[in-house]
Amino acid sequence: MTRTLLIKNARVVVTMDDERREIDNGAIFVRGNVIEAVGPSADLPQAADEVIDATGQVVMPGLVNTHHHMYQSLTRVIPAAQNGELFNWLTNLYPIWANLTGEMVHVSTLTAMSELILSGCTTSSDHLYIYPNDCRLEDSIEAAQKIGMRFHAARGAMSVGQSKGGLPPDAVVEDEAAILKDTRRLIETFHDADRHAMQRIVVAPCSPFSVSRDLMKEAAGLARSYGVSLHTHLAENANDIAYSREKFNMTPAQYAEDCGWVGHDVWHAHCVQLDDDGIYMFGRTGTGIAHCPCSNMRLASGIAPIRKMIDAGVPVGLGVDGCASNDAGHMLGEARQAMLLQRVGFGPDAMTARQALEIATLGGAKVLNRDDIGALKPGMSADIVTFRLDQIGFAGALHDPVAALVFCTPSNVTHSIINGKVVVRDGQLQTVDLPVVIERHNALASQLALATGTRKVA
């Protein structure tokens, strides 16, 4: 018999439905992994197999993270990469990442997903584009299955090393035929196209400065033959633009179009320096963007014109990006930074708190090409998070508890339900032993740093 779940008595339920309803004293009734009813607590069933009393809490859709490099949580705050723009930062980190192992990928994925889930995220993409030693995408996939996160695993790749004019060292690039073969294998083995799917595969060559034009085009054809999404980096900073103009005699947006990388099944990370023609072309074609404000600030890449993009019809979601260019992975914190950064760049009305939450939920769902997440309404996946309002960070802010989630100190969740299952209860992860994960993660991070002399033995 299918289990039921009732969340009731919420201070407010933020639905993100077609009317953007916010329901005072709201409730949600779930059957299995699907939402069956949303409304005032008095109007919904009063009993279920499990009942969560959300008195004094904001309840909302789980947040959607559209860009990450989870393995990078092993190299937070590496001294050689604390400063410098994108290309310098990458050049300093590639030799360290060349020593990654499969266990490191697995444990760092558990760590990154734990941080995301506790911050309100229920669905995440991860762009794994480096496969030294025994690393496989399965190392990430198995971690997602263990922790219970809805996961879009992006099979990244680098194929153009320094000897061919690319940025990465030759030691960390792969043969293009092998990349395509492995991508086919992963799609056929792990991709789930069904509604409410917990696991999907994404075709994701790393960037214009680390793969060939041929691979970009072949990857697009491969993805479309299987009906899966495409993802890469694009127009991240001024050097990225200069590379495209020098190597291809095109802007990044022109190059993306030339390679077949536009459409509703494509999303690009960053696009900080996307020009107006590129913005309008992405709007016309429904090409998505993963906005990563913390990373963009950390690497001094600039301020992405998100307000202009949204007004032009570009689908925009949020991404925390890798923990070596953000050093954090807090999705609610990323929404706050998205709002604040747009105001710094484009004025105090450039983004509201509710618009930031919409990008983090519905926006991310659209970017990932999904219609089953990002909102609380009948027929949607049961991905639900709650936040207690009696925390010190919200004191004095209860005039508008929804806006308080974004304006105030970023909070961790009280409860997180993913695919109808309680993954966080009363602030505690239920699916992994987090102190054990953190301890192993720190040991592996030290091992990785020692392998390249980045950290000295005490």
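All residue numbers in this chain count up from 1 along the given sequence. These numbers come from a predicted model, not from an experiment.
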How long is the span from the [atom1] atom in [X] to the [atom2] atom in [Y], to the nearest 0.5 Å?
X: His67; Y: Thr232; atom1: NE2; atom2: OG1; result: 9.0 Å
X: Ser212; Y: Lys164; atom1: OG; atom2: NZ; result: 8.0 Å
X: Arg184; Y: Tyr226; atom1: CZ; atom2: OH; result: 6.5 Å
X: His233; Y: Leu86; atom1: NE2; atom2: CG; result: 8.0 Å
X: Ser119; Y: His330; atom1: OG; atom2: NE2; result: 5.0 Å
X: Glu334; Y: Ile359; atom1: CD; atom2: CD1; result: 11.5 Å

Would you say the side chains of [X] and [Y] form a donor-acceptor pair under 3.5 Å?
X: Ser163; Y: Asp170; answer: yes
X: Ser124; Y: His68; answer: no
X: Ser210; Y: Ser207; answer: yes
X: Glu174; Y: Ser159; answer: no
X: Asn326; Y: Arg298; answer: no
X: Ser325; Y: Trp89; answer: no

Quick check on [X]: does its [atom1] atom have over 12 non-hydrogen neighbours (other residues, nucleotides or ligands) under 6.0 Å away?
X: Glu188; atom1: CD; result: yes
X: Asn249; atom1: CG; result: no
X: Gln391; atom1: CD; result: yes
X: Arg245; atom1: CZ; result: no
X: Lys217; atom1: NZ; result: yes

Just so I know, are the side chains of [X] and [Y] near enough to count as touching, which here means a heavy-atom distance under 4.5 Å?
X: Met60; Y: Phe387; value: yes
X: Gln145; Y: Thr431; value: no
X: Pro305; Y: Ile303; value: no
X: Leu180; Y: Leu215; value: yes
X: Val203; Y: Ile187; value: yes
X: Glu358; Y: Arg20; value: yes
X: Met216; Y: Trp261; value: yes
X: Asn65; Y: Cys121; value: yes

Criterion side-chain contact (heavy atoms from CB on, under 4.5 Å) against Leu167, the qualifying member of Leu90, Asn239, Val160: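 Only match with Leu167 under side-chain contact (heavy atoms from CB on, under 4.5 Å): Leu90.
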Plane angle bin for Phe87 and Tyr243 - parallel if under 30°, tilted between 30 and 60°, otherwise perpendicular: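 Tyr243 vs Phe87 ring planes: perpendicular.
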Main-chain N/O of Asp383 paired to Arg150 side chain as donor or acceptor, under 3.5 Å: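 Here the side-chain-to-backbone pair does not exist.
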Heavy-atom donor-acceptor pair, Asn92 side chain to Ala80 backbone, under 3.5 Å: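 Checked: pair present.
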Ion pair [X]/[Y], N-O distance below 4.0 Å:
X: Arg343; Y: Asp349; answer: no
X: Arg213; Y: Glu176; answer: no
X: Asp400; Y: Arg354; answer: yes
X: Arg200; Y: Asp192; answer: no

Run the side-chain donor-acceptor check on residues 273-280: report pairs under 3.5 Å with partners two or more places apart or on a different chain.
unit_1, atom_1, unit_2, atom_2, d
Gln273, NE2, Ser301, O, 2.8
Asp275, OD1, Gly278, N, 2.7
Asp276, OD1, Lys308, NZ, 2.9

Could you report the tightest heavy-atom contact between [X] and [Y], atom names first, then the distance?
X: Ile289; Y: Val367; value: O-CG2, 3.7 Å
X: Leu318; Y: Pro293; value: CD2-CD, 4.1 Å
X: Gly62; Y: Thr122; value: CA-OG1, 3.2 Å
X: Ala98; Y: Ile130; value: N-CD1, 4.5 Å
X: Thr352; Y: Met339; value: C-SD, 3.9 Å
X: Ala353; Y: Val406; value: O-CG2, 3.6 Å

Verdict with supporting geometry, Arg76 and Glu115, salt bridge (charged side-chain N to carboxylate O under 4.0 Å, His left out): CA-CA 14 Å; Arg76 297 191 214 234; Glu115 187 173 16; 2.9 Å; yes
Six-ring centre of Tyr131, Arg155 cation under 6.0 angstrom, axis tolerance 45°: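 Yes, cation above the ring, under 6.0 Å and within 45°.
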Chi angles and distances behind the ring-ring contact (aromatic ring centres under 6.0 Å, His included) call for His152, His231: CA-CA 11 Å; His152 285 227; His231 181 51; over 10 Å; no
For His270, the option from Asn296, Asp240, Asn237 that meets side-chain hydrogen bond (donor to acceptor under 3.5 Å, both in side chains):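 Between His270 and the candidates, side-chain hydrogen bond (donor to acceptor under 3.5 Å, both in side chains) is satisfied uniquely by Asn296.
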Ring centers of Phe282, His268 separated by less than 6.0 Å: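 Centroid distance Phe282-His268: below 6.0 Å, so yes.
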Verdict with reasoning, Tyr129 to His69, per ring-ring contact (aromatic ring centres under 6.0 Å, His included): CA-CA 8 Å; Tyr129 57 78; His69 308 292; 5.1 Å; yes
